[in-house]
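Beneath this line is the structure, given in structure tokens, with notes to follow.
What you are looking at is a predicted structure, and each value in this text was computed from that prediction instead of being measured. All residue numbers in this chain count up from 1 along the given sequence. One-based numbering, in listed order, for ligands and for the atoms of each.
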Amino acid sequence: MKNVLIISGHTDLNDSVANKEILQELENKLPDAVFSYLDRLYPNYEIDVKSEQRKLIDADIIILQYPIFWYGIPSILKKWMEMVFEHGFSHGMGGDKLKGKKLIASFTSGAKEEVYHKNQAVGYEIEDFLPAIKATCNLCGMTFIGYVYSGGVSYQMRTDEESIDMIKKKTNSHVNRLMNMIGREGEKNE
Ligand SMILES: Cc1cc2nc3c(=O)[nH]c(=O)nc-3n(C[C@H](O)[C@H](O)[C@H](O)COP(=O)(O)O)c2cc1C
């Protein structure tokens with residue numbers, strides 16, 4: 001089995017249902033994976049660059065797990081990327097430490113899936129929000145394997161048990177899709 005690293009980019013998992021549930025399930029299903037909970041490790045956004053770089057070096061498959069915040073990745077995940085993907089480490093002269101690694105984007109949104117459509121309120125497809133991650137993979141010599149996405153898990157729905165149960169059903173399906181993607185990659189011998 002390949003080494004899996006999961007970076008949790010939620011800014012506050014204490015105030016999460018979907019991402020917390022996904023991460024808990026992943027911990028159960030992937031006991032050997034390494035988890036980096038950015039909000040717990042770096043509540044003041046003071047990222048330990050060397051520690052995060054070591055985790056990346058040891059990983060074969062990197063999963064970015066996050067909620068969509070303002071149509072992008074949350075601030076703490078952005079900060080992690082800005083700090084950790086250093087010139088000379090991930091790109092630029094001598095920067096080949098991420099080369100050959102695989103990356104999966106795994107994310108949730110408050111708006112329902114169907115709203116992410118060019119003819120709907122958002123005006124864009126969900127894939128339209130991925131170019132920055134894909135370009136980062138290209139620059140760093142990583143392969144973007146794909147994405148796993150669940151919509152309609154808004155924090156406004158955390159008001160009653162029925163809505164929370166619905167979110168949990170969605171997150172189960174999310175984890176199954178993600179595990180399939182990881183499994184397919186794990187079987188490849190490259
Ligand atoms: C600051 C902030 C910005 C958000 N921006 C968006 C957004 O741009 N699009 C969207 O569909 N949902 C947005 N949401 C909703 C979150 O994506 C949603 O609450 C999250 O995916 C649920 O996961 P959680 O239970 O793990 O927090 C936003 C939520 C917050 C708190």
Side-chain angles (χ1 to χ4, degrees), residues 4-30 33-47 52 55 61-83 103-136 144-182:
V4 178
L5 170 65
I6 294 144
I7 307 293
S8 167
H10 203 293
T11 50
D12 183 9
L13 280 171
N14 295 322
D15 187 32
S16 158
V17 175
N19 282 261
K20 195 159 68 185
E21 193 73 17
I22 290 167
L23 288 156
Q24 186 57 60
E25 265 310 289
L26 288 175
E27 285 214 14
N28 294 340
K29 289 189 191 297
L30 295 169
V34 173
F35 287 78
S36 209
Y37 288 96
L38 300 184
D39 65 327
R40 294 179 191 158
L41 287 167
Y42 312 115
N44 298 322
Y45 285 44
E46 285 163 15
I47 312 282
E52 294 302 317
K55 291 178 209 170
I61 301 174
I62 299 151
I63 299 170
L64 303 181
Q65 176 61 51
Y66 58 93
I68 292 185
F69 281 179
W70 289 112
Y71 306 108
I73 61 176
S75 51
I76 197 163
L77 185 57
K78 190 74 166 45
K79 178 86 190 280
W80 173 86
M81 209 175 262
E82 288 170 10
M83 301 297 292
L103 188 137
I104 298 172
S106 171
F107 52 93
T108 61
S109 75
K112 291 183 179 163
E113 283 93 344
E114 54 266 33
V115 177
Y116 282 89
H117 189 275
K118 58 182 180 341
N119 298 326
Q120 293 292 324
V122 172
Y124 291 92
E125 311 283 331
I126 201 72
E127 293 216 12
D128 293 337
F129 297 94
L130 292 173
I133 290 179
K134 291 182 182 174
T136 301
F144 179 79
I145 299 304
Y147 69 92
V148 177
Y149 160 58
S150 297
V153 292
S154 167
Y155 58 99
Q156 286 167 334
M157 292 165 66
R158 295 172 199 154
T159 44
D160 59 273
E161 276 306 308
E162 204 182 325
S163 304
I164 291 175
D165 277 353
M166 191 280 288
I167 293 178
K168 287 184 179 168
K169 282 206 185 82
K170 282 199 161 216
T171 55
N172 283 342
S173 144
H174 187 108
V175 170
N176 288 338
R177 283 179 282 142
L178 187 50
M179 288 300 293
N180 284 338
M181 201 176 270
I182 297 167

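The nearest protein atom to atom 21 (O) of ligand 1, hydrogens excluded, is given as T108 OG1, 2.6 Å; this is a heavy-atom distance. Regarding atom 11 (O) of ligand 1, its nearest protein heavy-atom neighbour is Y116 OH, 2.8 Å. Here the heavy atom of the protein found nearest to atom 25 (O) of ligand 1 is R158 NH2, 2.6 Å. Protein heavy atom closest to atom 13 (C) of ligand 1, with residue, atom name and distance, is I68 O, 3.3 Å. The protein non-hydrogen atom at the shortest distance from atom 22 (C) of ligand 1 is V153 O, 3.2 Å. Looking only at heavy atoms of the protein, atom 2 (C) of ligand 1 is closest to F69 CD2, 3.6 Å. The protein heavy-atom contact nearest to atom 19 (O) of ligand 1 is Y155 CD2, 3.3 Å. Protein heavy atom closest to atom 18 (C) of ligand 1, with residue, atom name and distance, is G110 N, 3.7 Å.
Residue H10 approaches ligand 1 through these ligand atoms, each under 4.0 Å from one of its heavy atoms: 24 (P), 26 (O), 27 (O). Proximity to A18 (heavy-atom distance under 4.0 Å) selects the following atoms of ligand 1: 23 (O), 24 (P), 25 (O), 26 (O). Shown in contact with P67 at under 4.0 Å from a heavy atom are these atoms of ligand 1, numbered in order with element: 20 (C), 21 (O). For ligand 1, the atoms closer than 4.0 angstrom to any heavy atom of Y71 are 7 (C), 8 (O), 9 (N).
Considering backbone and side-chain atoms alike, A111 places an N or O below 3.5 Å from some N or O of ligand 1. At least one N/O-N/O distance between W70 and ligand 1 falls below 3.5 Å. For K20, no nitrogen or oxygen atom sits less than 3.5 Å from a nitrogen or oxygen atom of ligand 1, counting backbone and side chain alike.
Ring centers of F129 and F107: at least 6.0 Å apart, outside the cut-off.
With contacts defined as side-chain heavy-atom distances shorter than 4.5 Å, the pair I6/V34 does not qualify. Side-chain contact check for V4 versus F35: every heavy-atom pair is 4.5 Å or farther apart. In this structure, the side chains of L178 and I104 come closer than 4.5 Å at one or more pairs of heavy atoms. The shortest side-chain heavy-atom distance between T108 and I68 does not fall under the 4.5 Å cut-off.
Under a 4.0 angstrom heavy-atom cut-off, F107 registers as lying outside contact with ligand 1.
A donor-acceptor pair is defined here as one N or O able to donate and one able to accept, closer than 3.5 Å; no such pair exists between the side chain of S36 and the backbone of L38. Between the side chain of Q65 and the backbone N or O of S8 there is no donor-acceptor pair closer than 3.5 Å. Looking at D128, its side chain does come within 3.5 Å of a backbone N or O of E125 through a donor-acceptor pair.
Contact annotation for F129 and ligand 1: no heavy atom of the residue comes within less than 4.0 Å of the ligand.
Atom CD of E82 sits in a crowded spot, with more than 12 heavy atoms from other residues, nucleotides or ligands closer than 6.0 Å.
Salt bridge annotation for K55-E52: present, with a cationic side-chain nitrogen under 4.0 angstrom from a carboxylate oxygen. The pair E25-K168 does not meet the salt-bridge criterion, since no charged nitrogen lies less than 4.0 angstrom from a carboxylate oxygen.
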